[in-house]
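Chain identifiers are assigned alphabetically (A, B, ...) following the order of the sequence lines, protein sequences preceding nucleic acid strands; residue numbering begins at 1 within each chain.
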Number of protein chains: 2
Amino acid sequence: MNKDTDNKLKLRNIKPTAMRQLVYDVLSKQKKALSLIEIEQQFENVDRSTIFRTLKTFQDNLLIHSVDDGTGSVKYALCDEDCTCSLNDLHIHFLCTKCGQTHCMKSMPIPNLDLPKDFSFENANFVVKGTCPNCK
Amino acid sequence: MNKDTDNKLKLRNIKPTAMRQLVYDVLSKQKKALSLIEIEQQFENVDRSTIFRTLKTFQDNLLIHSVDDGTGSVKYALCDEDCTCSLNDLHIHFLCTKCGQTHCMKSMPIPNLDLPKDFSFENANFVVKGTCPNCK
DNA sequence: AAAACTTTGCAACCTGATTGCATAAACTTT
DNA sequence: AAAGTTTATGCAATCAGGTTGCAAAGTTTT
C-alpha cells in the first residue's frame, strides 16, 4: 500500500483500489510504453479484462495516454503530472524496430501543421520507427 | 479487361490477373484509403484472403502503401506513379473523426526531425485527426 | 500435354480488444 | 451496524481484423 501511488491516483480522481495501484506501479517503473498484454504478464493471476478496464479508467482520467505504434497492440504510458492530454501535450513516439520498445519522446512535440483549407486539427498520432540507442 | 489497369500493374511487375485488376480498379476509383474489409464489401463473392494476398502483392511491389490510422483496420491507397515508398514519399494522412475517411495528404510530407543522439530514423506514420471539408 | 509454378477459395486459426453477467467489495443512508 | 446502492473485479464468451494451410483451378514452361 504505497502512499505515493495512492496520491497520484487521487489527484486524478481515481479511487485507489489495490488493482489500480498495482497497474500504476507497473507503468511507473517503466520508461517505455506497455501494452495490455505486457502489463498482464507482470502479474500471476490478474484478469485481462480487469486490467483493460483499469487502463480505460486511467485514460479517461488523463493519468495515462495511449499510442498506436502499428505493432497491433496499443501501448500505454503515464502522462506527466501536469498533462491535460490536450494539443500541447502531444508528442512523438518512437518504435524501435529491433527491440520493439516504444518510447515517449516527451521533448519532441508534434510539429505545427498548415492543413489545407477546411481541415481542422483535433489530434494526432506520430510514430517514428528506427533503431534506439540500446540497439544501435 | 481494362488495358490501362493492365499496364499499371505490369509497370510494377505484377501479373495482371482478373482479381488484381478488380482490386486495383476499386482503389483507383477512391480518393480515400480503404481497408481490407471495405474493399471486400465492394464485391459480392470474393474471398477475403484473396484480397488480403492481392494487397500484399501490391504493397510488396510498391503499387500501394498502407496507413495505420488507429481505427483498428489498416487502410490502403494507391501510390503515385513515381513512388518508391522511400522517405521522400512519406506523407501525412488525415482521418476524419466524423465520416471516418482517411485521406492521403500527398502535398504534406512528413516533417524533418531532429531525433536525440543515437536514434535513427527509418520510417514514420503520422496521422492527423480532425474534421474534413465534407463534414465541416 | 505433362510437369512446374502461381493464384484463388475455403476453412480454420490467432491475437488483441471488448462485453455480459454474476460475485465481491466499498460506500451511503437510515 | 444493517439494508440498500454503487463500483470494481473475475470469468467466460464474443468480436473483429488479420493471417495461414491446403487443395483446386488456372498459367506458364518444357
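Within the 4.0 angstrom heavy-atom criterion, base atoms lie near A:T50.
Side-chain atoms of B:R12 do not come within 3.5 Å of backbone N or O of B:Q59 as any donor-acceptor pair.
Look at CD1 on B:I14: it is 14 Å from C1' on C:dT7, rounded to the nearest Å. The CG-P distance, from A:L55 to D:dA8, rounds to 14 Å in whole Å. In this structure, A:I51 atom CD1 and C:dA17 atom P are separated by 12 Å, rounded to whole Å. Atom CG of A:D69 is separated from atom C1' of C:dG16 by 13 Å (rounded to the nearest Å). Rounding to whole angstrom units, CZ of residue B:R20 and P of C:dT6 are separated by 11 Å. Look at CG on A:N45: it is 14 Å from C1' on D:dT9, rounded to the nearest Å. Regarding A:E40, its CD atom lies at a distance of 13 Å from the P atom of C:dT15, rounded to whole Å.
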*Taking protein heavy atoms under 4.0 Å as touching, what does nucleotides 13-30 of chain D look like 5' to 3' if B marks base contact, S marks sugar-phosphate-only contact and - marks none?*
----BSSBBB--------
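Partners of A:F126 by ring-ring contact (aromatic ring centres under 6.0 Å, His included), not counting sequence neighbours, listed by chain and number: B:F126. Under the side-chain contact (heavy atoms from CB on, under 4.5 Å) criterion, B:D89 pairs with B:C83, B:T84, B:S86, not counting sequence neighbours. Under the side-chain contact (heavy atoms from CB on, under 4.5 Å) criterion, B:P109 pairs with no residue at all, not counting sequence neighbours. Under the rule for a side-chain contact (heavy atoms from CB on, under 4.5 Å), the partners of A:K98 that lie at least two apart in sequence or sit in another chain are A:C96, A:T131, A:C135. Among residues two or more places apart in sequence or in another chain, the ring-ring contact (aromatic ring centres under 6.0 Å, His included) test is passed with B:Y76 by none.
Across every strand in view, C:dA2 sits in a pair with D:dT29 that passes the Watson-Crick or G-U test at under 3.5 angstrom.
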